[in-house]
Amino acid sequence: MKELLPGLYLLPVPIPYPLKTVNLYLFRGNGEVALLDTALGTKTARGTLELSLAELGLCFTDIKTILLTHHHPDHYGLAGFFEGLGARVWLHEEEVGRGHLFWLQPEAFEEASWRLFLDHGTPEEALMGIRETMAKTRERVHPPQNPTPLKDGEVLEVAGKKLRVIWTPGHADGHVAFFLEEEGILLVGDALLERVSPNVGLWAYTRENPLKDFLASLERLMELPAKVAYAGHFGPILEVKKRAQELIAHHQERLEALLGFLQAPLTAWELSLRLFPQELDAPGRRFAFAETLAHLEYLRLEGHVKREGAPYRYFRA
């Protein structure tokens with residue numbers, strides 16, 4: 001745990017994913033305690049968070065406000081737990097109608113989710129592993145029942161600090177960053193990460209062109225007068241504009257690589273094996289597929305490739 005400035009604390013919490021930890025941020029002031037993101041619903045995460053709170057003389061029931069950057073399980077998993085203890089949960093309005101429902105009403109998206117994989121060439125054997133992974137993840141996610149919708153640009157007063165909501169879709173449809181304008185601090189979630197490129201995937205419940213959304217979000221973040229960005233994983237980002245430019249260049253390289261692979265029609269699954277040739281487990285292969293599909297759909301909607309099927313095969317226009 002680290003105090004970033006008076007009344008704002010960084011709380012790293014372990015997660016059973018390759019990123020190892022997720023960064024939560026705690027606000028304390030004016031008699032109020034708020035938490036930005038919640039970690040995954042595991043015993044380890046809850047225990048670590050409980051110990052961090054105890055260092056500040058706090059317990060779970062002291063947290064009355066939960067701010068969520070997005071619906072991914074390592075950020076959202078314990079939101080329902082805190083809601084059950086009396087906290088008010090805030091989530092962007094775009095997420096309420098999409099990613100949140102994916103957890104709250106899984107049956108509404110289940111058939112469409114598996115159909116998306118099959119329509120884009122995923123083998124049945126691989127899909128079985130992905131199904132098992134998702135079933136295990138659902139056991140660790142406790143969705144809130146009544147999240148309060150956030151709107152882009154609105155200003156919240158939380159524990160004595162003013163936070164402007166910055167809608168940054170791409171990594172998730174309703175992803176938001178929170179900008180402390182007076183302090184010049186950007187709590188950027190997973191829209192920017194120090195060491196890796198945030199996953200940008202197309203899923204059955206997402207907007208049609210998440211990569212276009214993500215690139216536009218990076219452009220928007222570049223315009224903010226942020227002195228430092230604190231992210232959902234890893235360390236602080238001292239040069240927001242530079243890091244955003246690096247990520248834009250990274251995705252341009254991936255788009256060019258995909259065009260280079262398309263010497264003959266191929267499915268998104270086949271192309272994901274070329275774009276991400278390393279050995280991956282079922283969760284990693286799932287993300288690789290979704291990211292490849294997001295890039296292919298970006299190219300298709302921009303007129304650079306076409307597709308035929310289903311099962312869909314992409315080819316150069």
Side-chain angles (χ1 to χ4, degrees), residues 1-17 19-92 95 100 103 137 139-148 150 156-163 165 175-180 182-183 185-190 193-194 228-236:
M1 186 176 65
K2 179 180 181 182
E3 188 173 19
L4 302 177
L5 57 103
L8 177 62
Y9 301 84
L10 163 65
L11 280 59
V13 175
I15 52 174
Y17 299 144
L19 298 182
K20 303 297 184 186
T21 59
V22 61
N23 294 331
L24 313 186
Y25 297 90
L26 184 136
F27 296 84
R28 187 180 193 180
N30 291 354
E32 182 185 357
V33 180
L35 188 65
L36 189 155
D37 287 339
T38 68
L40 193 65
T42 65
K43 290 181 179 179
T44 301
R46 284 177 56 167
T48 301
L49 183 52
E50 189 171 26
L51 288 172
S52 295
L53 292 174
E55 286 186 47
L56 296 170
L58 300 170
C59 61
F60 289 140
T61 54
D62 291 315
I63 298 172
K64 299 303 182 186
T65 300
I66 296 292
L67 304 171
L68 295 174
T69 57
H70 60 302
H71 78 282
H72 291 167
D74 51 333
H75 299 259
Y76 165 102
L78 282 170
F81 166 75
F82 283 105
E83 183 186 56
L85 296 177
R88 185 181 186 183
V89 179
W90 295 82
L91 185 66
H92 188 266
E95 207 75 314
H100 169 60
W103 299 115
T137 300
E139 295 174 0
R140 297 168 166 176
V141 173
H142 308 286
Q145 299 301 303
N146 297 290
T148 301
L150 288 167
L156 302 178
E157 293 197 16
V158 177
K161 294 194 167 31
K162 292 184 178 180
L163 288 72
V165 177
H175 189 287
V176 293
F178 294 92
F179 188 34
L180 285 73
E182 295 177 8
E183 296 86 350
I185 289 178
L186 182 63
L187 301 175
V188 77
D190 285 359
L193 295 176
E194 173 198 18
V228 60
Y230 292 105
H233 307 275
F234 307 124

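When reading the values below, keep in mind they use all heavy atoms of this one structure, side chains included, and skip hydrogens, waters and symmetry mates. As the structure is a prediction and not an experimental result, all values here were calculated from the model.
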**Request:** For residues H71 and H92, establish whether the separation of their ring centroids is below 6.0 Å.
**Result:** no
**Fill in**
Between L78 and the options T38, V141, V13, the side chain to side chain contact (heavy atoms under 4.5 Å, CB included) test singles out T38
**Prompt:** If only atom types and distance count, is the side chain of E83 paired as donor or acceptor with the main-chain N or O of Q145 below 3.5 Å?
**Reply:** yes
**Donor-acceptor pair between H100 and Y76 side chains, under 3.5 angstrom** = yes
**Item:** Heavy-atom closest contact (L193 atom, G232 atom, distance)
**Value:** CD2-N, 4.3 Å
**Prompt:** Within 45° of the axis and under 6.0 Å from the centre of the six-membered ring of Y9, does NZ or CZ of R28 qualify?
**Reply:** no
**Fill in**
Closest non-hydrogen atoms of L68 and H75, given as atom of the first, atom of the second and distance, are CD2-O, 3.5 Å
**Prompt:** Okay, side chain of E157, backbone of K162: is any donor-acceptor separation there less than 3.5 Å?
**Reply:** no
**Request:** List the atom of T65, the atom of A87, and the distance in Å for their closest heavy-atom pair.
**Result:** N-CB, 4.2 Å
**Request:** For this output row, return yes or no: ring centroids of F178 and Y25 closer than 6.0 angstrom.
**Result:** no
**Prompt:** With under 30° as parallel and over 60° as perpendicular, where do the rings of H70 and H175 fit, or are they tilted in between?
**Reply:** tilted
**Item:** Intermediate values then yes/no, side chain to side chain contact (heavy atoms under 4.5 Å, CB included), L26 and L56
**Value:** CA-CA 10 Å; L26 184 136; L56 296 170; 4.0 Å; yes
**Complete:** Given the options I63, L187, V33, F27 meets side chain to side chain contact (heavy atoms under 4.5 Å, CB included) only with L187
